[in-house]
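Quick notes on the structure that follows.
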Amino acid sequence: MTTPACPCGRPEPYPRCCGRFHAGTAAAPTAEALMRSRYSAFVRLDAGYLLRTWHPRTRPARLDLDPGTRWTGLDILDTADGSAFHTTGTVTFRASYRGGSLHERSRFERVDGAWVYVDGEFLD
């Protein structure tokens with residue numbers, strides 16, 4: 001039996017891809033990797049991970065995820081900075097769900113060495 005590919009769109013199985021970030025056994029090395037892992041967390045309804053990887057300055061007190069939302073794919077459209085050599089970065093993406101899509105440019109920063117989501121701008 002084969003393990004299905006990670007929801008983030010990478011071909012690796014979930015446990016070797018975003019699953020290790022969700023489990024806390026590894027940290028996302030780039031802003032794009034964090035973006036992909038956050039998308040997978042939305043797919044898997046992992047509000048705890050989403051809150052842990054949200055900048056303390058902009059993090060909501062709680063997050064209510066809709067179990068009825070069926071996420072169907074993630075397309076990374078552009079990245080700027082966000083590598084191991086940067087302290088900030090942006091990722092522009094389109095996250096599709098049954099009935100529509102979300103197009104956003106997300107901002108990321110490092111806090112204590114770890115990438116976190118700051119905020120996003122909806123593009124259409």
Side-chain angles (χ1 to χ4, degrees):
M1 181 174 150
T2 61
T3 305
C6 190
C8 80
R10 295 256 188 238
E12 294 87 4
Y14 170 77
R16 286 203 320 259
C17 193
C18 293
R20 61 199 171 109
F21 305 141
H22 294 172
T25 59
T30 65
E32 180 182 338
L34 182 64
M35 171 60 236
R36 288 180 177 280
S37 71
R38 286 178 57 83
Y39 171 82
S40 292
F42 274 103
V43 171
R44 298 177 64 89
L45 302 175
D46 188 346
Y49 180 78
L50 292 165
L51 290 170
R52 281 193 311 277
T53 58
W54 211 308
H55 197 292
R57 185 177 72 238
T58 56
R59 178 175 39 225
R62 55 182 276 197
L63 192 59
D64 297 317
L65 301 177
D66 181 357
T69 301
R70 296 290 171 245
W71 296 99
T72 58
L74 175 67
D75 294 308
I76 302 296
L77 305 174
D78 188 43
T79 61
D81 298 333
S83 78
F85 303 104
H86 299 105
T87 56
T88 63
T90 61
V91 179
T92 304
F93 67 92
R94 184 177 307 279
S96 300
Y97 56 88
R98 193 171 295 144
S101 67
L102 170 71
H103 187 194
E104 181 178 311
R105 181 178 304 113
S106 294
R107 291 187 320 126
F108 298 88
E109 290 180 12
R110 283 188 188 266
V111 172
D112 297 328
W115 285 107
V116 292
Y117 170 79
V118 177
D119 58 20
E121 171 190 3
F122 295 117
L123 299 175
D124 50 48

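- Taking CE of Met35 as the start and SG of Cys8 as the end, the distance is 9.5 Å to the nearest 0.5 Å.
- Cluster annotation: Trp115 is connected to Leu51 through the hydrophobic network of ILVMFWY side chains, with a link wherever side-chain heavy atoms come within less than 4.5 Å.
- The line from OG of Ser96 to OH of Tyr39 is 7.0 Å long, rounded to the nearest 0.5 Å.
- Hydrophobic clustering of Ile, Leu, Val, Met, Phe, Trp and Tyr side chains at less than 4.5 Å, counting indirect connections, keeps Val111 apart from Phe21.
- Annotation: the span from Thr53 atom OG1 to Arg59 atom CZ amounts to 9.0 Å, rounded to 0.5 Å.
- Looking at His103, Arg107, Arg105 one by one, the single match for side-chain contact (heavy atoms from CB on, under 4.5 Å) with Glu121 turns out to be Arg105.
- Ring geometry, Trp71 versus Tyr97: the interplanar angle exceeds 60°, so the pair is classed perpendicular (tilted spans 30 to 60°).
- One distance of note links OG of Ser106 with CZ of Phe93; it measures 4.0 Å at 0.5 Å rounding.
- Glu32 and Thr30 form no side-chain donor-acceptor contact under 3.5 Å, judged by distance and modelled atom types alone.
- Inter-residue side-chain proximity for Pro7 and Cys18 is flagged as unmet; no heavy-atom pair is nearer than 4.5 Å.
- Side chain of Arg44 to main chain of Ala41: no donor-acceptor pair is present (N/O by atom type, distance under 3.5 Å, no hydrogens or angles).
- There is a side-chain donor-acceptor pair under 3.5 Å between Ser37 and Tyr49.
- From Cys6, atom SG reaches atom NE2 of His22 across 7.0 Å, with rounding to the nearest 0.5 Å.
- Counting all heavy atoms, side chain and backbone alike, Phe42 lies closest to Leu65 at CE2-CD2, 3.5 Å.
- Looking only at side-chain heavy atoms (C-beta outward), Val91 and Arg36 stay at 4.5 Å or farther from each other.
- Taking every heavy atom of both residues into account, Glu12 and Arg10 meet most closely at OE1-CB, 3.1 Å.
- Asp64 and Arg62 make their closest contact through OD1-NH2, 2.7 Å (heavy atoms, listed as atom of the first residue, atom of the second, distance).
- Between Glu109 and Arg57 there is a salt bridge, with a side-chain nitrogen of the basic residue lying less than 4.0 Å from a carboxylate oxygen of the acidic one.
- In the hydrophobic clustering of this structure, Val116 does not group with Leu63; members are Ile, Leu, Val, Met, Phe, Trp, Tyr whose side-chain heavy atoms approach within less than 4.5 Å, directly or through other members.
- Taking Tyr117 as the reference, Trp54, Phe108 meet the ring pair (Phe, Tyr, Trp, His ring centres under 6.0 Å) condition, with sequence neighbours excluded.
- Interatomic distance, CG of Leu102 versus CZ of Arg94, reported as 9.0 Å (0.5 Å rounding).
- Each of Leu74, Val43, Asp46, Leu50 was compared with Arg38 under the side-chain contact (heavy atoms from CB on, under 4.5 Å) criterion, and only Leu50 meets it.
- For the pair Ala84 and Arg110, the tightest heavy-atom approach, listed with the atom from each and the gap, is CA-NH2, 3.2 Å.
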